[in-house]
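Data block below; observations after.
Ligands are counted one by one from 1 in listed order, and the atoms in each one are counted from 1 as well.
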Amino acid sequence: MTKPIILTGDRPTGKLHIGHYVGSLENRVKLQNTGKYDPYIMIADMQALTDNARDPEKIRQSLFQVALDYLAVGIDPKKSTIFVQSQIPALNELTMIYMNLVSVARLERNPTVKHEIQQKSFKESVPVGFLTYPVSQAADITAFKATVVPVGDDQEPMLEQTREIVRSFNRAYHTDVLVEPEGYFPPKGEGRIPGLDGNAKMSKSLNNAIYLSDSADEIQKKVMSMYTDPNHVHVEDPGQVEGNPVFTYLDIFAPDQQHVAELKEQYAHGGLGDVKIKRYLNEVLQAVLEPIRTRREQYAQDPAQVAAILQAGSQKANQVAEQTLDEVRNAMGINYFA
Ligand code: TRP
């Protein structure tokens, strides 16, 4: 019996942070460890280049950092195939083929891409590669015939786009070669972690993130200077729990939720200082991140081993993607000399 295939990945534009962890890394490790799936985890360097074409060095360096982050959180190369997108030529060919099945207007309607275009202030000069990355993402997913795609909520439009391409392709070429994927999202309300500054999103560009690679010292400094309720000036003042990122983090990471409930009550009532809850949050986060950081440091000392893992994974992924490309060409009747 073949197992359902998982495909997911990240753009290597920097080290991964605890937002990535709760948004999708944790899910991937859980799914991997059930033993019920055949997981492929991709470092999407080609997709990262769609808005970093002039800075390949950043992508190159981040690629290694992301690989370390994966291994650190427990993605196990014996159970999951970790590979590098740019090393799989078939993905580019599939992208070209799919592009003819998608309209420009459809791409311009993608809410995640729309939002990113605003954020990145491309203005009038949106790269063609950026606008079309959802098509390339459909190639990533379909090349492996993945049915399960563990991602953050912002990736739903990519899955919808992929399903549309699968249906168009199979209909146009009277085939069932391509398979429709389903997203696998974090439980409602748990997938998104606000920034240290209270911003809705944790991100490198906002400089409000805790990284999986942060030292114990860095974590403590970041936690102690977190945004809380600005009107909670004196310890005895009643404080605002809702929208207070310290409590949001505790909701997600604290092992003792009964204790968190008590702290919230005390905070709202007055008499609980910010320093005290931050100290508790610091303890909680240190306990979660310490084993991750230790494993990360071990792998970082052996870059040759990490490279070998990526190379072996890419070789295996390449075979699978080539096989699908072959089936796609056959379905279209463009395998002229086979
Ligand atoms: N777009 C994803 C992100 O920004 C990364 C990605 C590329 C991906 N290809 C994928 C995710 C295929 C899932 C499946 O995080």
Side-chain angles (χ1 to χ4, degrees), residues 4-17 19-28 31-32 37-52 59 62-63 65-67 69-70 73 75 80-88 90-92 94-95 98 107 110-117 119-120 127 129-163 165-166 178-186 191-193 201-205 209 313-314 317 320-321 324:
I5 294 162
I6 291 177
L7 182 286
T8 184
D10 299 275
R11 297 179 196 172
T13 54
K15 297 181 289 187
L16 301 182
H17 51 61
H20 296 111
Y21 184 70
V22 299
S24 89
L25 294 173
E26 205 180 12
N27 258 342
R28 296 180 201 175
L31 289 171
Q32 166 196 271
Y37 300 91
D38 186 5
Y40 287 80
I41 317 283
M42 178 183 74
I43 308 185
D45 58 338
M46 289 295 269
Q47 189 174 112
L49 285 167
T50 63
D51 66 326
N52 289 280
I59 309 305
S62 304
L63 190 126
Q65 297 300 321
V66 169
D69 288 327
Y70 283 173
V73 298
I75 293 176
S80 295
T81 304
I82 309 176
F83 70 99
V84 180
Q85 188 182 30
S86 65
Q87 304 308 299
I88 317 299
L91 297 178
N92 305 318
L94 290 173
T95 303
Y98 299 165
L107 289 171
N110 184 308
T112 299
V113 174
K114 246 189 187 164
H115 180 75
E116 285 173 305
I117 286 174
Q119 241 184 0
K120 293 177 200 290
F130 190 82
L131 187 68
T132 55
Y133 88 71
V135 181
S136 141
Q137 192 156 334
D140 302 337
I141 295 168
T142 54
F144 298 90
K145 303 191 177 177
T147 51
V148 182
V149 183
V151 280
D153 303 329
D154 63 331
Q155 297 297 302
E156 176 58 29
M158 311 308 157
L159 282 146
E160 195 46 48
Q161 179 71 79
T162 303
R163 288 189 285 265
I165 289 174
V166 168
L178 300 184
V179 182
E180 286 191 45
E182 283 298 327
Y184 185 93
F185 303 100
R192 195 150 272 225
I193 184 163
K201 210 181 151 176
M202 179 171 281
S203 88
K204 186 180 44 168
S205 47
S314 298
V320 177
T324 303

Inset, instruction - Hey, could you give me each pair passing side-chain hydrogen bond (donor to acceptor under 3.5 Å, both in side chains) that has a residue in residues 142-154? Not counting sequence neighbours. - result: Y98-T142, K145-E327
Legend entry - Contact summary for A146 and P181, nearest pair of heavy atoms: O-CB, 3.6 Å
Legend entry - Separation of I141 CD1 from L178 CG (nearest 0.5 Å): 11.5 Å
Inset, instruction - For the residue pair D10 and Y70, confirm or rule out a side-chain donor-acceptor distance under 3.5 Å. - result: yes
Legend entry - Residue contacts for ligand 1, heavy atom to ligand atom, distance under 4.0 Å: L7, T8, G9, R11, M42, A44, Q47, Q137, D140, I141, V149, V151, Q155
Legend entry - Partners meeting salt bridge (Lys or Arg N to Asp or Glu O under 4.0 Å) with R163 (sequence neighbours left out): E156, E160
Inset, instruction - Kindly write out the residues that satisfy ring-ring contact (aromatic ring centres under 6.0 Å, His included) with Y40, not counting sequence neighbours, or none if the list is empty. - result: F144
